[in-house]
Amino acid sequence: MTYVERVLDDLKKRNPGEKEFHQAATEILLTLEPVINAHPEYEKSALLERFTEPERTILFRVPWVDDNGNVHVNKGYRVQFNSAIGPYKGGLRFHPSVNLSIIKFLGLEQILKNSLTGLPIGGGKGGSDFDPKGKSDREIMAFCQSFMTELFRHIGADTDVPAGDIGVGAREVGYLFGQYKRLRDEHVGVLTGRGLSYGGSLIRKEATGYGLVYITAEAMKCRGDGFEGKTTIVSGSGNVAIYACEKAQQLGAKVVAMYDSNGYIYDPNGIQIEVVKQLKEVERARIKEYANRVPGSTYTEGCKGIWTIPCDVALPCATQNEIDAESAAALVKNGVKYVAEGANMPSTLEAIEIFQKSGAVFLPAKAANAGGVATSALEMAQSSGRLYWSAEEVDAKLKTIMINIYHNMENAAKKYGFEGNYVMGANIAGFEKVAEAMMAHGIV
Ligand code: NDP
């Protein structure tokens, strides 16, 4: 058994039932074998055992009262995974499916993603099994205040800086920040994705989606290609999906389909993104409503069918494991040329293999959706310096970061003889820096 196989075997035994965490650890560690083999000192210092064990895991009770006076109790999580290269950084997810396994898979991925941005940020992730859907603003506020009443003692602008993720947008970040400020009596950059009126950065809202399109455009450019005229599918209709769609359209793509967790819309004339924004950002309505408002479009109940629509570019931007082997095979059969992951781990391991074998360009989440956290790091820099950059400045920095990420992973894959394998390239490029810092810090 190799060192990597032994660590994975142990990890599965010591963390039973954490299937998403096992999936992410397997995907990451197996691709790191060439680096591990080149550094025998890593095994001696149990580097991988330390890398896959969070530095700190915080689990807490979140009690809150609904509008009818009923008391509810949710689970709260913050996994502070790795601070070798900077303060813990990573989003909070509020969704009924949240459990420790999901938070750990996201946290582990986040370490490498954050390293890949080239900025000094460590990896963390958190959240709750609370479901914001259908709750009143007052209920959301009550929940966020209760959540922060415990979390505030564990985070800080130089310690751990959470942000949004699924179910945590501008409204939730506002309530969380308000409670932190009240408890600590300090107005600092302890959360990113803040509103513009209280220290947020321009372009943060758009950053993950825009960044996804910038890195895909760079992959296209290196092949003498571009978004112009490309039929594109963007899954999801949340923060990442909306701005991926917007930027892809600005670059000339024809986005024909999107979904929410109930079903998908198909608009052969090209999605009208302003209608989606109105429905999702303003009315908090279901995507189904799009078909009632836009003539020529259709709505289909259920999500999976979206991947059977022929397209050149697939941008999965909703959630983990939304593309399984069957959906990947359908995309490949219909001639997909580029798959870039906006969501975290949207493709199963089997789906990734199918994409890579097909010759399609596959850009993994850790690189492709790093624009959000990179811009969060830019927000942290602006907060520390008490200065604010223009939208053009932030957008230009974001674009440069995404282009650099593309070439870093391309070069890392090449260096170890796996040219074009961006899963390996992204993992290796992210890991090298974290490993070097961990070695420098001794056994901690
Ligand atoms: P949002 O909550 O804004 O949107 C999530 C979207 O995905 C919604 O349309 C939601 O539909 C849909 N969705 C969620 N679960 C499912 C499901 N099981 N099946 C089908 N659709 C589903 O989240 P974000 O846009 O912020 O995040 C999307 C993904 O991107 C996540 O994987 C997140 O980790 C990742 N990401 C986000 C970043 C950010 O900056 N926001 C940064 C990097 C990664 P519905 O409304 O019906 O639930």
Side-chain angles (χ1 to χ4, degrees), residues 20 24 89-98 102-103 105-107 109-110 113-114 116-117 121 123 125-127 130-134 162-173 191-193 200-201 203-212 215 234-246 257-265 276-277 279-281 283-290 301-307 315-324 327 340-347 364-379 398 402:
E20 293 84 1
K89 182 91 199 81
L92 297 172
R93 176 176 292 190
F94 292 169
H95 193 272
S97 66
V98 163
I102 288 183
I103 298 298
F105 116 63
L106 290 165
E109 291 272 321
Q110 195 83 44
K113 179 187 310 188
N114 292 2
L116 210 48
T117 65
I121 37 179
K125 199 82 191 188
F130 171 74
D131 186 0
K133 236 177 261 161
D165 190 76
I166 291 179
V168 180
R171 173 182 59 171
E172 292 75 16
V173 169
L191 286 158
T192 55
S201 173
I203 305 294
R204 174 60 190 92
K205 183 171 73 167
E206 295 84 353
T208 309
Y210 279 17
L212 173 69
I215 198 169
V234 178
S235 65
S237 48
N239 175 259
V240 180
I242 286 175
Y243 293 96
C245 176
E246 180 171 279
M258 292 180 88
Y259 64 50
D260 64 19
S261 58
N262 293 112
Y264 68 90
I265 48 165
V276 178
K277 278 189 191 175
L279 290 174
K280 290 293 174 184
E281 294 185 336
E283 299 175 28
R284 296 185 191 274
R286 306 309 298 161
I287 198 90
K288 184 179 184 175
E289 186 52 30
Y290 182 95
E301 197 68 28
C303 295
K304 236 185 132 176
I306 202 172
W307 306 117
L315 303 176
C317 295
T319 194
Q320 63 270 6
N321 295 329
E322 53 179 317
I323 302 185
D324 59 10
S327 299
E341 298 185 319
N344 282 311
M345 207 168 75
S347 319
K366 154 175 330 102
N369 71 21
V373 76
T375 308
S376 279
L378 300 179
E379 183 175 332
L398 168 65
M402 298 313 295

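For clarity, every value in this text was computed on a predicted model and none was experimentally measured. Every number for a ligand or one of its atoms is a count from 1 in the order of the listing.
- Every residue meeting the side-chain contact (heavy atoms from CB on, under 4.5 Å) condition with Glu283, not counting sequence neighbours, appears here in chain and number order: Gln278, Leu279, Ala285, Arg293.
- Remark: the backbone N or O of Ala365 is not paired with any side-chain donor or acceptor of Asn344 at under 3.5 angstrom.
- For Arg171, the side-chain contact (heavy atoms from CB on, under 4.5 Å) partners two or more places apart in sequence, or in a different chain, are Asp137, Ile140, Tyr175, Arg284.
- Side-chain N or O atoms of Ser237 include one that pairs as donor or acceptor with a backbone N or O of Tyr259 at under 3.5 Å.
- Shown here are the side-chain hydrogen bond (donor to acceptor under 3.5 Å, both in side chains) partners of Arg93, two or more places apart in sequence or in another chain: Asp165, Gln320.
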Can you pull every nitrogen or oxygen pair between ligand 1 and the protein closer than 3.5 angstrom?
from	atom 1	to	atom 2	distance (Å)
ligand 1	2 (O)	Gly167	N	3.1
ligand 1	3 (O)	Asn239	N	2.9
ligand 1	9 (O)	Ser237	N	2.9
ligand 1	9 (O)	Ser237	OG	3.3
ligand 1	9 (O)	Gly238	N	3.4
ligand 1	11 (O)	Ser261	N	3.3
ligand 1	25 (O)	Asn239	N	3.1
ligand 1	25 (O)	Val240	N	2.9
ligand 1	32 (O)	Arg93	NH2	3.4
ligand 1	32 (O)	Asn344	N	3.1
ligand 1	34 (O)	Arg93	NH2	2.9
ligand 1	34 (O)	Asp165	OD1	2.6
ligand 1	34 (O)	Asp165	OD2	3.3
ligand 1	34 (O)	Asn344	ND2	2.8
ligand 1	40 (O)	Arg204	NH1	3.4
ligand 1	40 (O)	Arg204	NH2	3.1
ligand 1	40 (O)	Thr208	OG1	2.7
ligand 1	41 (N)	Asn239	OD1	3.4
ligand 1	47 (O)	Ser261	N	2.9
ligand 1	47 (O)	Ser261	OG	2.5
ligand 1	47 (O)	Arg286	NH1	3.4
ligand 1	47 (O)	Arg286	NH2	2.5
ligand 1	48 (O)	Lys133	NZ	3.0

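- For the side-chain contact (heavy atoms from CB on, under 4.5 Å) test with Pro316, the passing option among Asn321, Leu212, Ile323, Ile306 is Ile323; the others fail.
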